[in-house]
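Because the structure is predicted, anything quoted here is derived from the model rather than measured. All residue numbers refer to positions in the sequence shown, counting from 1.
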Amino acid sequence: MGPKLLFVCTGNTCRSPLAEGMARAMFGDLVQVSSAGIDAWDGDKVSTHVVKILKEQNVDISQYGARRVSDELMADADWIIPMTQAQEEGLKHRFPQCIHKIRRLGDWGDEKRDVLDPWMGSLELYRQTAQEIRELLSNLKRKILTGNESTEKKA
């Protein structure tokens with residue numbers, strides 16, 4: 001089993017479960033993926049739009065329940081991948097022992113950007129978010145699977 005990736009957003013009902021499901025489909029058994037939310041309510045249902053989009057990719061996340069970021073989840077992950085710069089900064093402040101392994105999803109390629117929250121938006125907005133996440137996951141996959149990224153602390 002490859003590295004453990006933890007995708008993080010605000011409520012763990014839109015972006016991070018979308019990234020988790022898409023990464024499962026894209027990476028297969030090459031990595032272990034999970035997700036959590038900074039301000040998640042444990043057990044909240046994932047957005048119905050996320051369920052629909054992932055179902056179209058043969059990924060069933062319909063029984064997924066949101067969970068809050070915890071010390072244990074952070075310690076267990078090889079990479080913690082938030083959706084925005086603000087989330088990255090917040091996680092680094094809250095979990096200083098994990099600074100070396102926190103990097104925003106939009107920072108794995110040449111183009112640096114946040115993945116905006118589609119919460120309460122239309123299915124089309126969620127599809128746009130899914131396409132953006134797919135592109136950013138391709139960058140992540142290229143970096144991680146070629147061994148160009150390591151969480152080892154530089155001396």
Side-chain angles (χ1 to χ4, degrees), residues 1-95 97-99 101-109 111-141 143-144:
M1 208 38 113
K4 295 177 181 178
L5 310 179
L6 175 64
F7 295 100
V8 178
C9 68
T10 305
N12 194 217
T13 59
C14 301
R15 292 169 292 178
S16 58
L18 191 55
E20 176 183 348
M22 293 173 75
R24 282 189 200 287
M26 183 182 288
F27 290 69
D29 292 336
L30 299 174
V31 298
Q32 297 174 59
V33 296
S34 62
S35 65
I38 294 169
D39 294 320
W41 289 91
D42 286 335
D44 265 4
K45 291 289 185 191
V46 72
S47 161
T48 56
H49 293 326
V50 170
V51 172
K52 180 176 179 58
I53 290 166
L54 289 175
K55 191 171 198 169
E56 292 167 357
Q57 299 175 36
N58 297 315
V59 176
D60 182 9
I61 199 164
S62 60
Q63 299 304 309
Y64 183 83
R67 61 188 180 160
R68 187 179 288 262
V69 169
S70 67
D71 290 325
E72 181 181 333
L73 288 173
M74 295 292 285
D76 190 48
D78 294 310
W79 282 108
I80 297 117
I81 306 169
M83 299 294 127
T84 68
Q85 185 67 42
Q87 290 166 350
E88 179 179 324
E89 291 167 7
L91 289 168
K92 286 180 175 179
H93 178 74
R94 187 170 156 199
F95 301 97
Q97 71 279 16
C98 297
I99 284 175
K101 60 182 185 175
I102 299 171
R103 186 189 303 178
R104 169 178 65 159
L105 182 58
D107 282 346
W108 290 86
E111 186 180 327
K112 311 300 183 203
R113 66 182 194 238
D114 285 349
V115 177
L116 300 180
D117 195 350
W119 187 66
M120 300 295 290
S122 67
L123 178 58
E124 182 55 36
L125 180 59
Y126 275 80
R127 288 193 190 284
Q128 291 169 9
T129 302
Q131 178 58 37
E132 181 177 17
I133 289 172
R134 183 177 299 108
E135 292 167 10
L136 296 173
L137 285 173
S138 293
N139 294 333
L140 173 67
K141 182 178 181 182
K143 293 277 186 167
I144 287 182

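Among residues at least two apart or in separate chains, ring pair (Phe, Tyr, Trp, His ring centres under 6.0 Å) pairs with a member in residues 44-63 are His49-Tyr126.
For the pair Phe7 and Leu140, the minimum side-chain heavy-atom distance is below 4.5 Å. Side-chain contact between Asn12 and Asp44 is absent, with no heavy atoms from C-beta onward closer than 4.5 Å. Residues Ile80 and Phe95 are not in side-chain contact: their nearest non-hydrogen atoms beyond the backbone lie 4.5 Å or more apart. Residues Ile53 and Met22 fail the side-chain proximity criterion, which asks for heavy atoms closer than 4.5 Å. Inter-residue side-chain proximity for Cys14 and Asp117 is flagged as met; some heavy-atom pair is nearer than 4.5 Å. At least one side-chain heavy atom of Arg127 sits less than 4.5 Å from a side-chain heavy atom of Lys52. In this structure, the side chains of Val46 and Val51 come closer than 4.5 Å at one or more pairs of heavy atoms. Taking 4.5 Å as the limit, every side-chain heavy atom of Arg24 sits out of range of all side-chain heavy atoms of Leu54.
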Worksheet item: Between Trp41 and Thr13, does a side-chain contact (heavy atoms from CB on, under 4.5 Å) hold up when you go through it step by step?
Response: CA-CA 9 Å; Trp41 289 91; Thr13 59; over 6 Å; no

Worksheet item: Passes side-chain contact (heavy atoms from CB on, under 4.5 Å), Trp108 versus Ile81? Steps please.
Response: CA-CA 10 Å; Trp108 290 86; Ile81 306 169; 4.2 Å; yes

Discussion item. Quick one, Lys141 with Val31, criterion side-chain contact (heavy atoms from CB on, under 4.5 Å). Give me CA distance, side-chain angles, the key distance, then yes/no.
Written reply: CA-CA 9 Å; Lys141 182 178 181 182; Val31 298; over 6 Å; no

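Nearest heavy atoms, Asp78 versus Pro3: OD2-CA, 3.2 Å. Nearest heavy-atom pair across Ala23 and Val33 is CB-CG1, 3.8 Å. Closest approach of Ser16 to Ser35, counting heavy atoms only: O-CB, 3.5 Å. For the residue pair Arg15 and Pro118, the shortest heavy atom distance occurs at CG-CD, 3.7 Å. Heavy-atom minimum distance, Gln32 versus Gly2: NE2-O, 3.7 Å.
Checked by atom type and distance alone, the side chain of Gln87 never pairs as donor or acceptor with a backbone atom of Pro82 at under 3.5 Å. At least one donor-acceptor pair closer than 3.5 Å links the side chain of Lys101 to the backbone N or O of Ala75.
The environment of Glu72 atom CD is sparse: at most 12 non-hydrogen atoms of other residues, nucleotides or ligands sit within 6.0 angstrom. Sparse packing is recorded around CD of Gln63, with 12 or fewer heavy atoms of other residues, nucleotides or ligands lying under 6.0 Å away.
Gln128 and Glu132 are not linked by any side-chain donor-acceptor pair at a separation below 3.5 angstrom, with hydrogens and angles left out of the test.
One finds the CD1 atom of Ile133 at 7.0 Å from the CG atom of Leu105 (value rounded to the nearest 0.5 Å). With values rounded to the nearest 0.5 angstrom, Asp114 atom CG is found 8.5 Å from Asp107 atom CG. Taken from CZ in Arg103 to CG in Leu91, the straight-line distance is 14.5 Å, to the nearest 0.5 Å. Taken from CG in Leu137 to CG in Leu5, the straight-line distance is 9.0 Å, to the nearest 0.5 Å. To the nearest 0.5 angstrom, Leu18 atom CG is 9.5 Å from Cys9 atom SG. Taking NZ of Lys112 as the reference point, atom CD of Gln85 lies at 10.5 Å (rounded to 0.5 Å).
Considering only residues two or more places apart in sequence or on other chains, Asp39 meets the side chain to side chain contact (heavy atoms under 4.5 Å, CB included) condition with Thr10, Arg68. Listed by chain and number, the residues in a side chain to side chain contact (heavy atoms under 4.5 Å, CB included) with Ala36 are Leu6, Arg67, Val69, Leu73 (sequence neighbours excluded).
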